[in-house]
Amino acid sequence: MSIARDIRPRQDDAAFLATSPSASFNSPSSHSSVLNRTIPINAKPLKPFATEDIKVLLLENVNQTGREILSQQGYQVEFLKSSLSEDQLIEKIRDVHVIGIRSKTKLTARVLKEAKNLIVIGCFCIGTNQVDLQYAADQGIAVFNSPFSNSRSVAELVIGEMVMLARQLGDRSNEMHAGTWNKVSNGCWEIRGKTIGIIGYGHIGAQLSVLAEAMGMSVIYYDVLNIMSLGTARQVKTLDDLLAEADFITCHVPEIPETKGMIGQKQFEKMKKGSYLINASRGTVVDIPALIDAMRSGKVAGAALDVYPNEPAGNGDYFNNDLNTFSADLRSLKNLIITPHIGGSTEEAQKAIGVEVAQALVRYANEGSTLGAVNLPEVVLRSLTMDEPDHARVIYIHKNIPGVLRKVNEIIGDHNVDKQMTDSRGDVAYLMADISNVDAATIKDLYTRLESLPSRIMTRVLY
Ligand SMILES: NC(=O)C1=CN([C@@H]2O[C@H](COP(=O)(O)OP(=O)(O)OC[C@H]3O[C@@H](n4cnc5c(N)ncnc54)[C@H](O)[C@@H]3O)[C@@H](O)[C@H]2O)C=CC1
Ligand SMILES: O=C(O)CCC(=O)C(=O)O
């Protein structure tokens, strides 16, 4: 009844309680958030329907830690190693209540329109540019990500790449693999004493700043926000200032309209001759044909790319000109490191992300908490406990228009509302209320009346 339009509530409370809670939901793990640690031991697991009715689709080889947490809840979990094309997704997503993806799966408005049962999306990564966040919010679909569990992995990769580029290690290694001894010092440098220019001083940029300074580098950074410098790092006023001063330029901005092509021909012209470029953010941030020209002219002495405008769906797929017209030209360059979007691909990062995002999905599905959601207001209520057996939690996601709360309170106000919280984000508002002394008939009545309001986006009643 409550969570999605075609799911019936489970009537047998004893059986329902027997399927839950999982250890992961109530017990803190090494990666659990503050919120998890504050869930009381005797928290009552709220499940509106048989947990085995919840269908979860996990794409892109989501880590086993995440798969286990979702399976332990009793959900039906389907797991695929690669991403799916838009048409394949449309077919699959129709039945699904929860979907987990990484950076490749595009959850466009066209796909989400077909996702009639979907309540929540988990991005098992940092970036959320692959999801139409606004469209999802307008449908009442929450989106969660893992904001910093792979930041360190990316920062370490960049440190390694700077050394590799400065020493032309990729080329030397390729030559040795081909059987050629080529002992060179010309054009090879230490990174100590050089200047790193970090574009985007967020989680990754700041982490990188600390590591680079420890390697003896001077750190400058450019960010649209005024951010406190770590160590002796220095914020510069403009991107041009950074380009003119840095020996190593590295991009750590999100994919948004303002960052599309932010490093192009004009920016390469402003760089120092012999500088290096690294991009492990998103493939649209650097104009790759312009980079190819800058490397051929010798302006850029080396580059490392981890991300591309179009990336293959899965391992074993080709990275060729059918995907990106510049692929062959790119592959022919010297002192160029190209990696298959592995910035966050470490055991540590993937395990932590699996736990963090899966727990957020469970909290949302079972308790309605939007803490950490990237597209809905953050609303959380204290967990109901086993001492509150006849309580129900009403979640009403609605259009943020005047007069809604009055209408909702006319419906729930006849009951004893223990606690209630509401917040809005843009055009969408999220209301959560705990009501005591309710029976199955009351739950059905509440649900039906809330669903009939014109402001309704999605109603869920958890009990
Ligand atoms: N290669 C990989 O595997 C990975 C790639 N990423 C990418 O890295 C990006 C950055 O990650 P975080 O550091 O965690 O993000 P963050 O959100 O913590 O930091 C991004 C920073 O960029 C700044 N920024 C935004 N627009 C800007 C602009 N036009 N000019 C200058 N600065 C701007 C923001 O103010 C913020 O400080 C992610 O959005 C994701 O796309 C993240 C993880 C792994
Ligand atoms: O590991 C992945 O699939 C994506 C990593 C990434 O780009 C991110 O976290 O934003």
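When reading the values below, keep in mind they use all heavy atoms of this one structure, side chains included, and skip hydrogens, waters and symmetry mates. Counting convention: from 1, in listed order, for ligands and their atoms alike.
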Presence of salt bridge, [Y] and [X], under 4.0 angstrom:
| X | Y | result |
| --- | --- | --- |
| Lys351 | Glu348 | no |
| Arg172 | Glu175 | yes |
| Asp87 | Arg110 | yes |

Mind checking whether [X] has an N or O less than 3.5 Å away from an N or O of ligand 1?
| X | answer |
| --- | --- |
| Asp223 | yes |
| Asp306 | yes |
| Ile204 | yes |
| His203 | yes |

Tell me every residue that passes salt bridge (Lys or Arg N to Asp or Glu O under 4.0 Å) with Asp247, counting only those two or more places apart in sequence or in another chain. Lys272

Report, in ascending order of atom number, the atoms of ligand 1 lying under 4.0 Å from any heavy atom of [X].
| X | result |
| --- | --- |
| Ile256 | 26 (N) |
| Tyr222 | 30 (N), 31 (C) |
| His341 | 1 (N), 2 (C), 3 (O) |
| Leu225 | 35 (O) |
| Met262 | 30 (N) |

Which residue and atom name correspond to the protein heavy atom nearest [atom], and how close is it?
| atom | answer |
| --- | --- |
| atom 28 (C) of ligand 1 | Val224 CG1, 3.6 Å |
| atom 29 (N) of ligand 1 | Thr259 CG2, 3.7 Å |
| atom 19 (O) of ligand 1 | Gly202 CA, 3.2 Å |

Rounded to the nearest 0.5 Å, what separates atom NZ in Lys92 from atom CG in Leu80?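 Reported value, rounded in 0.5 Å steps: 5.5 Å.
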
Check whether the side chains of [X] and [Y] place a donor and an acceptor atom closer than 3.5 Å, and report yes or no.
| X | Y | result |
| --- | --- | --- |
| Asp171 | Asn335 | no |
| Gln88 | Ser85 | yes |
| Gln235 | Asp223 | no |
| Glu255 | Asn129 | yes |
| Ser83 | Glu60 | no |

Can Asp95 and Lys116 be said to form a salt bridge (Lys or Arg N to Asp or Glu O under 4.0 Å), step by step? CA-CA 7 Å; Asp95 292 340; Lys116 301 289 183 212; over 6 Å; no

Per-residue contact class, [X] against ligand 1 - non-hydrogen pairs under 4.0 Å:
| X | result |
| --- | --- |
| Val154 | side chain |
| Tyr201 | backbone |
| Asn129 | neither |
| Ile227 | side chain |
| Ile126 | side chain |

Heavy atom of protein closer than 4.0 angstrom to atom 8 (O) of ligand 1: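 Looking at atom 8 (O) of ligand 1, one finds that a protein heavy atom does lie closer than 4.0 Å.
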
Protein contact for atom 15 (O) of ligand 1 (heavy atom, distance under 4.0 Å): no

Note, Ile337 side chain near Asp306 side chain (heavy atom, < 4.5 Å):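 No. Closest side-chain heavy atoms not under 4.5 Å.
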
Compare all side-chain heavy atoms of Val219 with those of Ile198 and state whether any distance is below 4.5 angstrom.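 Yes; the side chains approach each other to less than 4.5 Å.
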
Quick note, ring pair (Phe, Tyr, Trp, His ring centres under 6.0 Å) partners involving residues 141-167, not counting sequence neighbours, are Phe144-Tyr364, Phe148-His203

Looking at Phe319 versus Tyr308, is the centre-to-centre ring distance below 6.0 Å?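 Yes, the ring of Phe319 comes within the 6.0 Å limit of the ring of Tyr308, centre to centre.
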
Have a look at [options] and point out the one with the heavy atom closest to [atom].
| atom | options | answer |
| --- | --- | --- |
| atom 40 (C) of ligand 1 | Glu255, His252, Arg102, Arg282 | Arg282 |
| atom 6 (N) of ligand 1 | Ala280, Gly343, Ser345 | Ala280 |
| atom 25 (C) of ligand 1 | Gly200, Ala349, Gly344, Pro254 | Pro254 |

Let me check something: any side-chain donor-acceptor pairs from residues 236-246 under 3.5 Å, sequence neighbours excluded? List them with distances.
residue, atom, partner, partner atom, Å
Thr238, OG1, Asp241, N, 3.0
Thr238, OG1, Asp241, OD1, 3.2
Thr238, OG1, Asp241, OD2, 3.2
Asp240, OD2, Lys270, NZ, 3.2
Asp241, OD2, Thr238, N, 3.4
Glu245, OE2, Arg234, NH2, 2.6

Could you tell me if Arg102 sits above the aromatic ring of Phe124, with its cationic atom closer than 6.0 Å to the ring centre and no more than 45 degrees from the axis?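 No, cation not above the ring by the 6.0 Å, 45° rule.
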
Return the protein residues near ligand 2 (heavy atom under 4.0 Å from any of its atoms), ordered by chain and residue number. Arg102, Ser103, Cys125, Ile126, Gly127, Asn150, Arg282, His341, Gln350

